[in-house]
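Worksheet for the structure shown next.
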Amino acid sequence: YQVNFTLYGIAFIMLVPVVPLYFTSELRLEYADIASSRILIGSRGIALVGPLMGRLMDRLHPARLCALAFGWVVMFPLCLTLGPELGLTPVQTAYAAFVIYSVGMAGVNVTWNVGSIAFAPPGRGAHYQGIHVAMVGIRGVLAPVLGFVLLETVGYRAAFIAAAGLFASASLSSALLARRIGARKPA
């Protein structure tokens, strides 16, 4: 489970320096459009879809919801890189990408906040969640540098494809984990 979140987290955090540069340098979006896509669509979308993902998690094991959410988030960087080629305007590309992002991230947020507890032995949930949170710090040091290095050496598209590949790996690994443990609804 933690390996899967590490793969997802590297992809997510490596995009932190890449997406704003892409928006301003490549798509030439104005700050109002960037704020609208990230806040109005991205953040509000997560808030609206989050309760639905919570209900879904009531029916699924966290490993299964991770497989679905990580799989959905694969489309976020792909939309960013392919949107203009598919005829979307820069604003439409940003908005479409953050609609996709908000749905997937709603599932990620639910599983991130309570999923590790499902894997902990009785009475050890706080310990497992603590390790889960500490891993964010490790990813937070390394992944932005990776994203920026990819951007500078091979370009935006390579950074987006690398992130999509890591999201897909996390999704597949989560699906295999769910199958291996015979994942059922959380207790």
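The first residue in the sequence is number 1, and the count goes up from there.
- Considering OH of Tyr156 and CG of Leu15, their distance stands at 12.0 Å, rounded to 0.5 Å.
- Inter-residue side-chain proximity for Phe160 and Val19 is flagged as met; some heavy-atom pair is nearer than 4.5 Å.
- Pairing each heavy atom of Phe119 with each of Ile181, the nearest pair is CE2-CD1, 3.8 Å.
- Each of Leu40, Leu88, Ile41 was compared with Tyr95 under the side-chain contact (heavy atoms from CB on, under 4.5 Å) criterion, and only Ile41 meets it.
- Rounding to the nearest 0.5 angstrom, the gap separating the CG atom in Leu56 from the CG atom in Leu60 is 4.5 Å.
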Q: Check the pair His61, Tyr1 against ring pair (Phe, Tyr, Trp, His ring centres under 6.0 Å), reporting the backbone distance first and the verdict last.
A: CA-CA 11 Å; His61 188 276; Tyr1 178 78; 8.0 Å; no
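- Atom CD of Gln2 has more than 12 neighbouring heavy atoms from other residues, nucleotides or ligands inside a 6.0 Å radius.
- The minimum heavy-atom distance linking Cys79 with Thr93 is given by the pair O-CG2, 3.7 Å.
- Put simply, the side chain of Asn113 gets close to the backbone of Asn109: a donor and an acceptor are under 3.5 Å apart.
- The backbone N or O of Ile100 lies less than 3.5 Å from a partner atom in the side chain of Trp72, making a donor-acceptor pair.
- By the 6.0 Å contact criterion, CH2 on Trp112 is enclosed, its count of non-hydrogen atoms from other residues, nucleotides or ligands being greater than 12.
- Judged purely by atom type and a 3.5 angstrom limit, Gln92 uses its side chain to pair as donor or acceptor with the backbone of Thr89.
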Q: Starting from the C-alpha separation in whole Å, work towards a yes-or-no answer on side chain to side chain contact (heavy atoms under 4.5 Å, CB included) for Leu151 and Tyr22.
A: CA-CA 10 Å; Leu151 168 63; Tyr22 181 69; over 6 Å; no
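- Listed here is the closest heavy atom pair of Ser174 and Ala67: CB-N, 3.6 Å.
- Shown here for Gly54 and Val110, the closest heavy-atom pair between the two residues is N-CG2, 3.9 Å.
- Between the side chain of Thr81 and the backbone N or O of Leu78 there is no donor-acceptor pair closer than 3.5 Å.
- In the hydrophobic clustering of ILVMFWY residues, with side-chain heavy atoms under 4.5 Å counting as a link, Ile13 and Val145 come out apart.
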Q: Could you walk me through whether Met135 and Phe5 pass the side chain to side chain contact (heavy atoms under 4.5 Å, CB included) test, one step at a time?
A: CA-CA 9 Å; Met135 291 298 294; Phe5 255 99; over 6 Å; no
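- The CG atom of Leu177 sits 10.0 Å away from the CZ atom of Arg64 when rounded to the nearest 0.5 Å.
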Q) Under the side chain to side chain contact (heavy atoms under 4.5 Å, CB included) criterion, do Met57 and Val114 qualify, and how do the steps go? A) CA-CA 10 Å; Met57 182 130 140; Val114 296; 3.1 Å; yes
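- Hydrophobic clustering (ILVMFWY, side-chain heavy atoms < 4.5 Å, transitive): Ile161 and Leu166 are in distinct clusters.
- Under a 3.5 Å cut-off, the side chain of Ser173 and the backbone N or O of Ser169 do not form any donor-acceptor pair.
- Taken from OG in Ser171 to CG in Leu68, the straight-line distance is 7.0 Å, to the nearest 0.5 Å.
- Side-chain atoms of Thr24 and Leu29, non-hydrogen and from C-beta on, never get closer than 4.5 Å to each other.
- Screening Ile10, Val74, Leu172 for a side-chain contact (heavy atoms from CB on, under 4.5 Å) involving Phe167 leaves a single residue, Val74.
- When all heavy atoms are compared, the tightest approach of Leu150 to Ala162 is CD1-CB, 3.8 Å.
- Val136 and Val108 fall within the same hydrophobic cluster, defined by Ile, Leu, Val, Met, Phe, Trp and Tyr side-chain heavy atoms under 4.5 Å apart, directly or through other members.
- Classified by interplanar angle (parallel below 30°, tilted 30° to 60°, perpendicular above 60°), the ring pair Phe12/Tyr8 is parallel.
- The environment of CZ in Phe148 is sparse: at most 12 heavy-atom neighbours from other residues, nucleotides or ligands sit within 6.0 Å.
- Between Val154 and Ala158, the closest heavy-atom pair is CG2-CB, 3.2 Å.
- Leu7 and Val141 fall into different hydrophobic clusters, where Ile, Leu, Val, Met, Phe, Trp and Tyr are joined by side-chain heavy atoms under 4.5 Å apart, directly or via other members.
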Q: Take Ile39 and Arg44 through the side chain to side chain contact (heavy atoms under 4.5 Å, CB included) test and state the conclusion after the steps.
A: CA-CA 7 Å; Ile39 297 167; Arg44 285 187 179 176; 5.8 Å; no
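- Between Phe98 and Phe76, a ring centre-to-centre spacing shorter than 6.0 Å is recorded.
- Criterion: ILVMFWY side-chain heavy atoms under 4.5 Å apart, direct or through other members. Under it, Val3 and Ile117 are not part of a common hydrophobic cluster.
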